[in-house]
Amino acid sequence: MQTLHAAFVARIDAVLNALEMEGVLPADTPRANVTVEPPRDPSHGDLATNAAMVLAKQAKTNPRALAEKIVEHLEREPDIVEATIAGPGFINLRLSPEAWRRELLAIAHLGQDYGRSDMGKGQTVNIEYVSANPTGPMHMGHCRGAVVGDALSGLLEWAGHRVTREYYVNDAGGQVDVLARSAHLRYREALGDDIGEIPEGLYPGDYLKPVGERLAQEFGPAYKDAPEGEWLELFRQRSVAAMMDMIREDLSLLGIHHDLFSSEAELQAAKKPEAAEAWLREHGFVYDGVLEAPKGKAPPEDWEPVELPLFRSTEFGDDQDRPIKKSNGAWTYFGADLAYHFQKAEKADALIDIWGADHAGTVKRIKAAVAALTKGAGRDVPFDVKLVQMVKLLRDGEPVKMSKRSGTFVTLADVVNEVGKDVVRFTMLTRKPDAQMEFDFAKVVEASKDNPVFYLQYAHARIHSTLRKAGVEPSDAHLDRLGDDELALVREASQFPRVVESAAKAREPHRIAFFLGDLAAAFHSFWNAGNDDPSKRIIQESDPELTAARLFLATQVGQVIRNGLAILGVEAVEEM
RNA sequence: GCGCCCGUAGCUCAGUCGGAUAGAGCAUCAGAUUCCUAAUCUGGGGGCCACAGGUUCGAAUCCUGUCGGGCGCGCCA
C-alpha cells in the first residue's frame, strides 16, 4: 500500500517524464532538487512543488511558463481538485478529501511500518558511536553521542538501510596499561595491602574495587609482589573486559545495544595497520619525515625533531602531515584508526562516525586516509563524521562541577536513574547535534513545561484513554463522516514518511523529534476544540458511527506518534 | 597564530541541499476546566535572523571579511 507522499512524488515524476517526451524538458533532466511538501501557509493548499522553479533554467524557460505545462498534466489527476501557480512559480495542489481518507487507511494498513522507506535500497551503513575508552563507567560526556548515534541508526534503518552499530574498543593504548596498574592496586587492596592514597596518574574511582576483588579471588596472591611484566597483560585483559561489561550495562540503561565491538588490540595483532601502511607507502601517501614544532604555542620543553612515518594529510587540507607511528615504534592512535576504518569499509557501503567535538581536529586526516585507502581498493565508500557538541550540565542554572582526576564526574547511570531513559534520550534529540546544548537536571525532571517528552507521551496517552472509555471500536466504515478539522490531522500525520526520508538523507534524527512535537500539538488542539464545542469531541454518545470514525482517526495519529518515538528509541506510554 | 562548530524573540531552540508574511516552547499579559486526562488549549505583546559586503528573479540559509562564544592544535586518546 502506497503512502500519499510516495504516490505524489511518483506522480510529479510521471508528469516530468511526460514533459521530457513532449520535449518541454530535455531528456534526463536531473530532478534531485524537486520537492513535494505541504506549503508553510496551509491556505495555499495541501501540497506544493517547486518543480517549475528548479527546472526552469534547464528547460530554458521561466518558472511560471513551465509551471503552466506541469499544471496542465496535474489537473488531469483524479485526486487533485485544484492546481494553481503562485508566487515565483510554486505549484499548489489541493487534494480531494478522498485522498486523505485513503491515507488514513494506509496508516492503519501499514501500522508499525508506516513511515518506513526503501530509499536506502538495503545498503549497509556502519555507524560507529560511543567508543568510550574502556577505563571507567560511561559519564555524561558520552551521552549525547551515544543517543544521537543510536537514533541515527534507527532512523537509517527506517529509511531502508541495513545498519551495523559498532563500538571501537580502544584496548591497545597507554590508557589501558594505566587501567591494569590501577586494577593491580585494587587487587592488592583486596588481598589486605594498605594501598593508601591512589597515586597520581592512576585511576582513582571506586568502580575498580570489585575488579580487584575478583582478581584476588581468581589468582590469590600469585601476582601480589610479582614484577609488572608478569601480570600487566593479564590484568589488562581482565580489567578491560570488566570495564566493557560495565559500559554495556550503562548503555543498556539507555536502550543502546551495539551489534559489534571491535578491538583495537585484535586489529593490531592481525597486523592490519602494517598492511595499510604498506599500501599507503606504495602509493606515496606515507613517507618518512620530520615534523616541525607546533606553531602559535610555545613548543614543549622536550621537543625534539624525530623522523617518523607521516601520512600526507596536508594534501587533503590538513595543517600538517600526521605520524602513524610513534618514535618507540608503536602505532599512533591515528595509525591504528585508519586501518580500523579500512576494515569497516570492507564490509559496508557507507561509514558514519559519531565523535565528540573535542576530536574535531582529527576529522580531516581520517577522512583523507579513508578516501585514499578505499579509492585505492577500487571502492568509493562515502565516509561521514558527525560531530556532537558538548553538553553543559546544569542544576538550577548552576554548572555541575566535574573532575575526572578526583573521580567525581557525573555518570550516565546517575543521570538515567534520576531523570529516566526517555527524558535523557529525547532531550538529547531536541537540538541539532552540532550546536552546544545545556542540560539542566532541575528543568528536565519536572514532568512538564521544559520537558517536551511528556507533551508527546500525553498526547499518546490521551488517545489510549479515549479508546478505553469509548465503548465503541474504532472503524473505517464511515470515514466520510470526518470533516475538514479531522482531515487536517491526517494532513499533519501524512508528512511522517517524508520527514523520515528527509531526516535520513540529512542524517539528522532531531527532525523526527520536532515533527512529533508538531503532530502532538495538532492533536492536543483538536482535542481541546471539544471543550468549547461538545460536538467536536471524539466520543459522541448518540452517534456511534461518527465516534468510530473519529476513534479510527485518533488511533492512526497515535500510531504515527508511536512510530516516530520508536525511531528515537523512546517509549510511547498508554497511561500517565 | 591556525583549524572546526555555533551566533535567529528576554531565555532554550527549530527553520527542509536558496523560496511565499521567519516559527515553537518557556517567561510575560488576557482567557478556557459541571466536559473524552487542564501534564492541555485559545489569543496578545515581543525580531537590524551578530555586523558589513557579495552572488541572483529571490538569502536566516551560499561566498568573503569583521566581531562574539565553544572545542581543539606534539608521537595523548
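Chain naming here is simple, since letters A, B, ... match the order of the sequence lines and numbering starts at 1 in each.
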Using side chain to side chain donor-acceptor pair (under 3.5 Å) as the criterion, point out the one residue from A/Asp318, A/Thr362, A/Asp319 that pairs with A/Ser313. A/Asp318

Within the structure, does a side-chain N or O atom of A/Lys469 lie under 4.0 Å from either OP1 or OP2 of B/U37? yes

Protein-nucleotides 29-31 of chain B N/O pairs under 3.5 Å:
none

Going by an N to O cut-off under 4.0 Å, is there a salt bridge joining A/Asp288 and A/Lys325? no

Check: A/Phe496 and A/His5 side chains under 4.5 Å, non-hydrogen atoms: no

Is any side-chain N or O of A/Ser327 closer than 4.0 Å to OP1 or OP2 of B/C75? no

Under 4.0 Å: is that the gap between some side-chain N or O of A/Arg322 and OP1 or OP2 of B/G74? no

Measuring to OP1 and OP2 of B/C4, would you say a side-chain N or O of A/His359 lies under 4.0 angstrom away? no

Short side-chain N/O contact from A/Tyr333 to OP1 or OP2 of B/G74, under 4.0 Å: no

Reckon A/Lys392 has a side-chain N or O less than 4.0 Å from the OP1 or OP2 of B/C71? no

Is A/Trp355 near enough to B/C4 that one of its side-chain N or O atoms lies under 4.0 angstrom from OP1 or OP2? no

Could you spell out the base pairing of RNA chain B as a dot-bracket line? Use Watson-Crick and G-U wobble contacts where both distances are under 3.5 Å, [ ] for crossing pairs, | for partners on a different strand. (((((((..((((.....[...)))).(((((.......))))).....(((((..]....))))))))))))....

Mind calculating the distance between CG (A/Leu456) and C1' (B/A24) to the nearest angstrom? 13 Å

